[in-house]
Structures are given as C-alpha cells and as structure tokens.
Amino acid sequence: MVKTLPNAIDAEQSLLGTIMVYPNSAQIAIEAGMRAEYLFLENHKKIFYAINDLYNEQKPVDITTLGTRLNDLGILGSIGGVEYLMTLCDTSVSSFNTKAYVELIQNKAYMRNMIEACQKVVEEGFDGQTDIDDYLDMAEKSVLNVTRSRRTTDFKSSATVVNNVLERIIKMSGNKSGITGLKTGFEHLDNYTHGFQRGDLIILAARPSMGKTAVALNFASKIAQYQSNEAVAIFSLEMAAEQLLERILSSKSSVPIEKIKTGKLSDSDWQKLNEAAATLRNTKMYIDDIPGIRVTEIFSKCRKLQSEQGLAAIFIDYIQLISGSGNNKENRQQEVSEISRNLKALARELNVPVIALSQLSRNVESRTDKRPMMSDLRESGAIEQDADIIMLLFRSQYYDRKEDQNEKPDPNAMQPLEIDIAKHRNGKTGVIRFAFQGSTNSIFTAEADDYMGGE
C-alpha cells in the first residue's frame, strides 16, 4: 500500500484564496516565512511563485493581477485556469487565519523533508558502500539540517528588540549583585563576566597539566549547585566519568585525591567524603565519557537532556579530542574550525553557556615569558574568532619545578594560578588571581598577591 506524504492541501487552498481576497494577506504570509517550496501541489507552487513576484514588485495581489501574471508566464492553463483561481477564492474565510495556514503548511513540509532525509539514510545503509563513521555522520547531518531549517527566524524589528532590551534592563535593575548569568561561585571572576551568559561560547585554554580540567570541574560543580533545577552536562573525552567524580569529590571534601584513589581514609576523611557525596547527589550533573564524540552527537544528547531535565550549562573537555565530520580528515585545522562554529551554534540554539577546554600550542614553551596568548590556541584561529570569552590559565610554579628537577613540591601547598580573560566580547578583560591546590584539585579566589585567600 502506497502512503501519501504528509500535506495540508486544504490549508494551501485557503491560504492562496485568502491572499487573493484580502490585500494584506500576502505580506503577512511572506513575513511569516512562507515559501513556494513548502507547498505540496505543483500548481500551488506555481501560483505562489507568481504571488511572490507581484509582492516583490510592490504590485497588488488579487485574482485579476495574479491571473494576468500566470497567463503572461504561459502557465495559467496548467494550474486550472481562472476557474481554479475563483475556486481558491471561495475557500477564503478571514485574513486572521493567514499565519495559522502558513504554520500548518510549513509543518507538513518539514515532515516531508524528514521523511526524505530518512529515506536517504535507509538507501545509503542498504547500499553498504560507505565507511560506517561517514555513514553515521551523514545520517546525523541529514536530520540536523531539517531541524536547523525549522529553527531559522526572520529579522527582528528595532521596536521589538528595543522592548526586549528595556524589559531585560528593568529586570536586571532589581538585581543588586550585578550577576546576570550563571554564578561560578568565584566572586572576582563573576564580577568580570557578570556570570557565564547563556548563548556564549567560553574557551578555557592552557598547556597540558596546567589545571584546566580542575578549574572546569570547580566551575561545573558550583553551577550545578546554584542551578539545582537544571542539569549541567559534562563531556569528558579524555577521562572516565568515575575519575572525574573522584576529582570533584576531592575538591568538595578537601580530602586529597591520593587518599580517595587508594581508599586509605581516616574517620574524619570518610565523614567529609560522605558529606560531599550527599551534596553531589542533590545536583544534576550528567557526564558523558565517550572518547572521540562528534559535535552532532553532542547536539543530540544535549537537546534530549534539555527537554527532560532543563539545561544550565555544557562543559567539554576538550575541543581537540572531538571527532570531525570525517569529510576533511587531511586538514585538521579546518575540522577544528567547523567544530568551533558548531559549538557556538550549540550555545545559541540551546541558550546555555558552552564552556569548552582547549589545548595551547608549544609556542608557549619557546618564550621567556611562559604566559599564554590567544595566538597560542592550537589548530585553529576560528576558536579565537568564535569565542565570546577566552580564559588562559598560567601557573608559574609548573615551570619553576621543571627547571629544578630536584625540587619535590608539597602537594598540599597553595600554588598561584592566573586566569587571564584575554577576550571578552561583551565586557572587560584582565587577569584574576587564584590559588590552586593540586592534592585536592581545588581553586580558591586570591586577594591581590595573597594567594592564600579563601573563596
């Protein structure tokens, strides 16, 4: 039995009839995003193409002008002649329903597009000639393209945007703290950023072993604690979920990570660990530790998590370990550029901050001053371009220890840690000083040069 593709022929007829009868309906339909491709019947597509041309030429759209235009194009007979146009006019009820007709027609078109995309995936699967990674990537992209096209929007008028901005300013005027985004729990940082803003791509970059994962986990656990009704998604491409939780428990409980790994805990250690575990159980942190995950998979999993739990923030450790599309394996720089653009799109689409960790190139090691710069971002200048905030981490003691191999650092000692906000699209830049404790993977706010300051 052959099934008919989803359609809304009655709505198509009513829309076309309404446009011919009510002068303002053409403008309403076109501004609502109506396009000829959304229509199911070919003769309806031809009619709407003519309507669109008349509208763009700023000419009136009615049965007379439309019939004349179709006749001039030599297609009036193929659509059923003037008689069919009159039949369409009889189906019109009110211009008030124009937007409803457009939405119904669009939804049926999206369904047909999804069916077509899925049929392509099925055919490719039966063909079996494609590499499995390329096949899965093609399938993900086909579906993603349909969903993205549905989310496209038109221009927003200045009046609408001004009203939105004023409403936001009025709302923020009652906020005494000045924190308009998600609190990280570190006052100096929050004062610079006003909290992590929804829709922003935030890059946390450093050389290996500098502590960027520890810093990210401190941010993630704090946000999860403050945003208790929403989930925090963590994609760990380098470390297993259990290892990540050990680090978070160590930071929360102040019990050294070595004790947790070996199980050699005192009674007081157990008490602090159980208290930290109870706190974590009340948060909504979700960890995905699949190595080499693709951006399309991140999109899919985050959409699902947002629909089920609500979503506060997304953490990714780290960009360079994300698998590319597979179409450009010889040029990793272009792959990373594509990944960076997609992560920014993810932040915008889901309206959450995406905090992505990034490696820095070895150029840092060749300089006398080891402090990193944005130009050190590894594999892609697109990361620098796409990011709303770039934070560069630096610990001088890391390099001091490398120069003196005989020195045995105290793992419980507080080490100075600098976070350089090198780029801030919507705010100020500057260096914020923290203290880092390697034994517990904890960071603390430091006052001026006093690295022993607490949070």
Side-chain angles (χ1 to χ4, degrees), residues 168-204 211-234 244 247-249 251-254 275-276 278-287 302 305-306 309-317 347-348 350-357 387-391 393 417-421 423-437 440-447 453-455:
R168 184 174 182 274
I169 293 173
I170 292 170
K171 181 180 178 181
M172 290 302 106
S173 66
N175 183 359
K176 304 302 181 184
S177 70
I179 307 303
T180 59
L182 304 183
K183 290 172 62 178
T184 65
F186 299 96
E187 186 178 352
H188 289 2
L189 178 64
D190 288 339
N191 287 339
Y192 264 80
T193 64
H194 303 294
F196 288 168
Q197 302 296 316
R198 293 183 182 272
D200 276 4
L201 173 60
I202 300 165
I203 300 297
L204 185 62
K212 59 182 178 295
T213 299
V215 171
L217 292 180
N218 274 263
F219 291 164
S221 61
K222 292 280 189 182
I223 291 173
Q225 192 171 337
Y226 292 132
Q227 303 293 127
S228 57
N229 293 327
E230 294 180 301
V232 171
I234 302 174
L244 240 60
R247 288 190 172 206
I248 296 173
L249 281 170
S251 177
K252 286 284 184 188
S253 65
S254 299
E275 289 174 357
T279 301
L280 284 176
R281 287 193 189 100
N282 291 325
T283 63
K284 291 185 176 181
M285 276 196 294
Y286 292 82
I287 302 172
C302 287
L305 190 58
Q306 187 179 58
Q309 301 287 342
L311 194 57
I314 300 168
F315 286 79
I316 300 171
D317 186 9
R348 290 285 304 276
L350 299 186
N351 194 33
V352 298
V354 173
I355 301 91
L357 279 59
D388 296 282
I389 294 177
I390 295 178
M391 296 187 287
L393 271 61
L417 167 70
E418 295 178 6
I419 295 183
D420 178 9
I421 302 179
K423 177 184 178 182
H424 190 186
R425 198 187 301 276
N426 299 305
K428 59 184 178 179
T429 59
V431 177
I432 304 172
R433 292 180 171 85
F434 289 81
F436 174 72
Q437 187 178 48
T440 61
N441 291 280
S442 300
I443 62 171
F444 305 89
T445 300
E447 295 291 342
E455 284 187 38

With sequence neighbours excluded, residues passing side-chain contact (heavy atoms from CB on, under 4.5 Å) with [X]:
X: E187; value: N191
X: A224; value: V232, T283, M285
X: R425; value: D388, K423
X: Y286; value: A231, K284, L305, Q309

So which atom in [X] and which in [Y] form the shortest heavy-atom distance, rounded to 0.1 Å?
X: K428; Y: I421; answer: O-CG2, 4.1 Å
X: R247; Y: A214; answer: NH1-N, 4.2 Å
X: A312; Y: I223; answer: CB-CG2, 4.4 Å
X: L357; Y: A216; answer: CD1-CB, 3.7 Å
X: H424; Y: Y192; answer: CE1-O, 3.1 Å
X: F434; Y: I419; answer: CE1-CD1, 3.5 Å

(request) Examine distances only and state if a side-chain atom of S251 and a backbone atom of I248 form a donor-acceptor pair shorter than 3.5 Å. (result)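 Checking the backbone N and O of I248 against the side chain of S251, no donor-acceptor pair under 3.5 Å is found.
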(request) Report yes or no: does N282 contribute a side-chain atom to a donor-acceptor pair with the main-chain N or O of A278 at less than 3.5 Å? (result)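 Checked: pair present.
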Nearest-0.5 Å distance, [atom1] of residue [X] to [atom2] of residue [Y]:
X: F186; Y: I443; atom1: CZ; atom2: CD1; value: 4.0 Å
X: D190; Y: L182; atom1: CG; atom2: CG; value: 9.5 Å
X: I203; Y: I355; atom1: CD1; atom2: CD1; value: 10.0 Å
X: T184; Y: I179; atom1: OG1; atom2: CD1; value: 8.0 Å
X: C302; Y: I316; atom1: SG; atom2: CD1; value: 7.0 Å
X: I432; Y: T445; atom1: CD1; atom2: OG1; value: 8.5 Å

(request) Go through N441 and L217 one step at a time and tell me if the side chain to side chain contact (heavy atoms under 4.5 Å, CB included) criterion holds. (result) CA-CA 9 Å; N441 291 280; L217 292 180; over 6 Å; no
Validation: residues 193-202 side-chain donor-acceptor distances under 3.5 Å, sequence neighbours left out:
unit_1: T193; atom_1: OG1; unit_2: L189; atom_2: O; d: 3.2
unit_1: T193; atom_1: OG1; unit_2: G195; atom_2: N; d: 3.1
unit_1: H194; atom_1: ND1; unit_2: G178; atom_2: O; d: 3.2
unit_1: Q197; atom_1: OE1; unit_2: T180; atom_2: OG1; d: 3.4
unit_1: Q197; atom_1: NE2; unit_2: T180; atom_2: OG1; d: 2.9
unit_1: Q197; atom_1: NE2; unit_2: H194; atom_2: O; d: 2.9
unit_1: Q197; atom_1: NE2; unit_2: G195; atom_2: O; d: 3.1
unit_1: R198; atom_1: NH1; unit_2: L311; atom_2: O; d: 3.4
unit_1: R198; atom_1: NH2; unit_2: E230; atom_2: OE1; d: 2.9

(request) Please determine, by modelled atom types, if K222 and Q227 share a side-chain donor-acceptor pair under 3.5 angstrom. (result)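 Not at all, the side chains of K222 and Q227 share no donor-acceptor pair under 3.5 Å.
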(request) Apply side chain to side chain donor-acceptor pair (under 3.5 Å) to T213 and list each qualifying residue two or more places apart in sequence or on a separate chain. (result)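 T213 satisfies side chain to side chain donor-acceptor pair (under 3.5 Å) with D317 only.
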